[in-house]
Amino acid sequence: CSLSSGKFGTLLSGSWDTTAKVWLNDKCMMTLQGHTAAVWAVKILPEQGLMLTGSADKTIKLWKAGRCERTFTGHEDCVRGLAILSETEFLSCANDASIRRWNVNGECLQVYYGHTNYIYSISVFPQCKDFVSSGEDRSVRIWRQGECTQTIRLPAQSVWCCCVLDNGDIVVGASDGIIRVFTESLERTASPEEIQAFENELSQATISTKTGDLGDINADDLPGREHLEEPGTRDGQTRLIKDDGKVEAYQWSVSEGRWVKIGDVVGSSGATQQTSGKVLFEGKEYDFVFTIDVNENGPSYKLPYNISDDPWLTAYNFLQKNDLNSGFLDQVANFILDNTKGQTLGDTSPGFSDPFTGSGRYVPGSSSESGTLPSGDPFTGSGRYVPGSASNTVASSSGVDPFTGRGAYQSGAAKAENIYFPKKEAVTFDQANPTQILGKLKELNGSAPEEQKLTEDDLILLEKMLSVTCNTLTETPTALQLQTLWKVINWPEDIVFPALDILRLSIRHPSVNENFCSEKDGIQFCGHLLKFLYPEGKQANQLLALRTLSNCFASQSGQRLMMSQRDSIMSQAIEMKLCSNKNIHIALATLTLNYAACLHKINNIEGKAQCLSVISTVMEVVQDLEAIFRLLVALGTILSDDTNDVQLAKSLGVDSQIKKYVSVSEPAKVNECCRLVLNML
């Protein structure tokens with residue numbers, strides 16, 4: 001449906017299948033999903049990594065590093081075109097016959113009306129904010145300083161596209177299969193013969209009043225040819241005359257100082273109360289458009305209304321739009337009722353729903369979570385057990401591995417060679433205190449629903465399983481132990497966290513990994529973990545679910561499951577980026593790093609693109625340096641030996657994101673890793 005180009009050879013395409021795709025060197029690097037109808041318009045903003053899509057679902061979406069950052073609403077019909085004004089502003093046009101100017105923060109700065117039918121295309125003049133548009137009303141319109149200053153008619157109903165060239169010329173493509181170029185330059189102006197041929201073609205065209213472009217026409221009231229003796233008042237002004245029983249349309253040309261015939265008018269208006277019962281106002285049809293005089297000496301206001309609308313809601317919106325006193329609400333609503341003879345369609349009762357936002361969108365006090373994980377037990381306050389607390393810190397000694405705290409890492413060697421990436425093995429969360437975990441599990445067992453309570457035998461089974469999985473790989477957990485573990489991880493959310501901690505440790509064992517991550521049960525298992533990764537969830541559960549997903553990479557069965565469910569896992573996990581808990585950020589970064597390690601072994605372009613997108617997005621909000629370090633290692637692993645991924649990372653603006661970490665002195669591994677990645681970029 002649409003195509004746009006950006007830096008480093010990046011292309012963005014929109015499609016009927018509701019998606020947009022990012023391309024590099026003829027390869028699809030990522031897919032943007034979120035619209036619910038065809039994507040008609042796409043643009044890449046000057047800032048690296050920012051992309052815009054406009055859709056038949058009436059919305060515009062702003063994407064950053066492959067993630068939807070903001071949705072713009074305001075158009076009443078399909079969005080057909082986009083144009084970039086600056087790094088922070090853009091234009092959109094739509095089937096609602098309006099053009100809107102937006103900033104990237106989501107604010108609609110201005111709405112332009114002039115077209116009387118669908119607007120298909122929009123393009124900006126170089127070095128300024130003036131623009132040109134084209135649409136279904138046979139016209140190309142030039143807008144300067146927010147006003148339509150010129151209308152160019154074409155001998156074709158649909159003007160599909162327009163484009164402003166670097167020299168200011170306007171190229172137009174229309175439904176008659178002809179491309180035309182319009183210019184202000186005398187040097188490039190067509191020959192008199194070509195101009196006359198165009199005017200002849202234009203004068204022979206027929207204009208249907210059903211387009212609404214010419215308003216409500218009564219041929220008996222139209223003046224004759226003498227009406228053309230008076231000069232026009234502005235370029236593009238249209239006049240209708242009646243000549244020999246025919247209605248002809250003329251347009252005033254300032255440059256030539258004359259009226260130019262643009263066609264014969266045929267048919268009857270499809271946008272008037274006399275014919276279809278509809279009135280066109282600001283590009284949209286209404287059953288009524290009233291003129292409201294609020295006070296005798298003040299200006300009058302237009303109030304559009306459809307009989308399916310709620311009179312009081314319409315009155316409220318009218319007063320808000322025109323900054324009028326809300327004390328007029330009843331008066332305006334009763335005016336609507338009186339002048340529509342009480343016509344209504346459907347049930348306008350608001351019931352229990354908010355009449356402006358819809359039902360059930362906001363319930364005060366519905367969320368009471370503090371958003372922080374206390375240092376003690378987050379549920380009982382006992383302070384005896386904090387999930388995964390033993391692995392929250394990483395030793396700072398120069399003789400330990402930067403991830404696990406064990407001795408395979410010497411910081412002195414880091415300056416001489418790259419010991420950080422590519423990372424080829426999974427990073428897992430191993431440290432724990434089994435005694436405290438089991439103690440908390442037994443304590444909360446009393447709060448479990450009766451049918452889910454563990455027996456003494458069940459507790460013994462889990463204790464043995466934890467001992468086996470933490471201390472040896474040769475002994476295999478029994479089927480009964482695995483069944484008991486599955487039972488307990490299905491406890492209610494407020495008490496399930498010690499069970500998730502047992503799962504986090506057990507999933508590293510090959511037989512447990514194979515059982516839970518098998519082709520038969522893996523999808524159900526994965527879905528169960530993802531249920532904990534929603535923004536309003538318990539942070540203890542979020543942390544342990546992320547750590548469990550990371551530990552799934554410890555064996556091949558888990559790796560296969562994680563890769564097969566990559567889209568759903570990464571899409572859900574990235575929601576945790578806004579959480580304020582640094583341990584959750586470290587777990588999210590570790591999950592991303594493990595995906596990078598897996599993707600380094602295979603040539604999965606879309607997977608690598610998604611991983612780069614996640615790294616870029618998370619790095620924007622995460623501040624903990626351990627999480628940043630793991631993201632840097634993930635980035636270096638993805639970029640190793642792959643020039644396509646290097647180019648994509650540049651297009652996402654990753655290089656500018658990580659430069660600030662060059663100045664970090666402690667921990668030194670962040671500085672060192674950052675410099676190594678920048679050298680690759």
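Heavy atoms only: backbone and side chains are in, while hydrogens, waters and symmetry mates are out.
- In this pair, Trp486 and Phe525 present their aromatic rings tilted. The plane angle is within the 30 to 60° band.
- When the shell of 6.0 Å around NZ of Lys464 is examined, it contains 12 or fewer heavy atoms from other residues, nucleotides or ligands.
- No donor-acceptor distance shorter than 3.5 angstrom exists from the side chain of Gln542 to the backbone of Leu533, with no hydrogens or angles considered.
- For the atom pair Asp501 CG and Gln436 CD, the distance stands at 10.5 Å (nearest 0.5 Å).
- A search for side-chain contact (heavy atoms from CB on, under 4.5 Å) contacts involving Lys487 returns Leu454, Asp458, not counting sequence neighbours.
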Report task. Take Lys538 and Asp494, measure what salt bridge (Lys or Arg N to Asp or Glu O under 4.0 Å) needs, and give me the verdict at the end. Result -> CA-CA 7 Å; Lys538 304 287 185 182; Asp494 57 343; over 6 Å; no
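- For Thr18, the side chain to side chain donor-acceptor pair (under 3.5 Å) test picks out no residue, with sequence neighbours left out.
- Closest of all the heavy-atom pairs between Ile437 and Ala432 is CD1-CB, 4.1 Å.
- Partners of Thr73 according to the side-chain contact (heavy atoms from CB on, under 4.5 Å) rule, which considers only residues two or more places apart in sequence or in another chain, are Thr59, Thr71.
- Taking the side chain to side chain donor-acceptor pair (under 3.5 Å) definition, one finds that Gln524 meets it with nothing, sequence neighbours left out.
- Using a 3.5 Å distance cut-off with no hydrogens or angles, the side chains of His35 and Thr19 do not pair a donor with an acceptor.
- More than 12 heavy-atom neighbours from other residues, nucleotides or ligands sit within 6.0 angstrom of NZ on Lys61.
- In terms of modelled atom types and a separation under 3.5 Å, the side chain of Ser571 and the main chain of Ser568 share no donor-acceptor contact.
- Annotation: the span from Lys27 atom NZ to Leu648 atom CG amounts to 12.0 Å, rounded to 0.5 Å.
- With 3.5 Å as the limit, one finds no donor-acceptor pair spanning the side chains of Trp23 and Thr10.
- Side-chain atoms of His585 do not come within 3.5 Å of backbone N or O of Leu625 as any donor-acceptor pair.
- With sequence neighbours left out, Ser640 forms a side-chain contact (heavy atoms from CB on, under 4.5 Å) with Phe421, Pro422, His600, Met680.
- You'll find the side chain of Leu639 reaches within 4.5 Å of the side chain of Leu635, heavy atoms only.
- Around the NZ atom of Lys520, the shell of radius 6.0 Å holds no more than 12 heavy atoms that belong to other residues, nucleotides or ligands.
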Query - Trace of the salt bridge (Lys or Arg N to Asp or Glu O under 4.0 Å) decision for Arg67 with Glu575 - result: CA-CA 11 Å; Arg67 297 273 305 168; Glu575 297 299 325; 2.9 Å; yes
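- A 6.0 Å sphere centred on CD of Gln452 holds more than 12 heavy atoms belonging to other residues, nucleotides or ligands.
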Report task. Using the salt bridge (Lys or Arg N to Asp or Glu O under 4.0 Å) rule, take Glu107 and Arg70 through it: C-alpha gap first, then chi angles, then the decisive distance, then the call. Result -> CA-CA 11 Å; Glu107 183 182 2; Arg70 186 167 289 109; over 6 Å; no
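- One N or O on the side chain of Asn513 and one on the backbone of Ile507 form a donor-acceptor pair closer than 3.5 Å.
- From Met563, atom CE reaches atom CG of Asn604 across 5.5 Å, with rounding to the nearest 0.5 Å.
- Less than 6.0 angstrom separates the ring centroid of Phe553 from the ring centroid of Tyr595.
- To the nearest 0.5 Å, atom SG of residue Cys552 and atom CG of residue Leu529 are 6.5 Å apart.
- Across Ser580 and Gln539, no two heavy atoms sit closer than the pair OG-NE2, 4.2 Å.
- Side-chain atoms of Leu52 and Phe90, non-hydrogen and from C-beta on, do get closer than 4.5 Å to each other.
- For the residue pair Thr637/Lys423, the side-chain donor-acceptor check at 3.5 Å is not satisfied.
- Across every non-hydrogen atom of Gly66 and Met30, the tightest pair is CA-SD, 3.5 Å.
- Judged by distance alone, the side chain of Thr469 and the main-chain N or O of Met465 form a donor-acceptor pair under 3.5 Å.
- Nearest heavy-atom pair, Pro510 versus Ser555, reported as atom, atom and distance to 0.1 Å: CA-OG, 3.6 Å.
- A donor-acceptor distance shorter than 3.5 angstrom exists from the side chain of Asn551 to the backbone of Phe429, with no hydrogens or angles considered.
- Arg630 and Leu593 get closest at one heavy-atom pair: O-CB, 4.0 Å.
- With sequence neighbours excluded, the residues satisfying salt bridge (charged side-chain N to carboxylate O under 4.0 Å, His left out) with Glu89 are Arg101, Lys129.
- Scanning both residues, Leu631 and Ala589, for their nearest heavy atoms gives CG-CB, 3.8 Å.
- Taking CG of Leu441 as the reference point, atom CG of Leu459 lies at 6.0 Å (rounded to 0.5 Å).
- One finds the CE atom of Met570 at 5.0 Å from the SG atom of Cys611 (value rounded to the nearest 0.5 Å).
- Residues Trp491 and Asn445 form a side-chain contact, since some pair of their non-hydrogen atoms from C-beta on lies under 4.5 Å apart.
- Atom CD1 of Ile523 has 12 or fewer heavy atoms from other residues, nucleotides or ligands within 6.0 Å.
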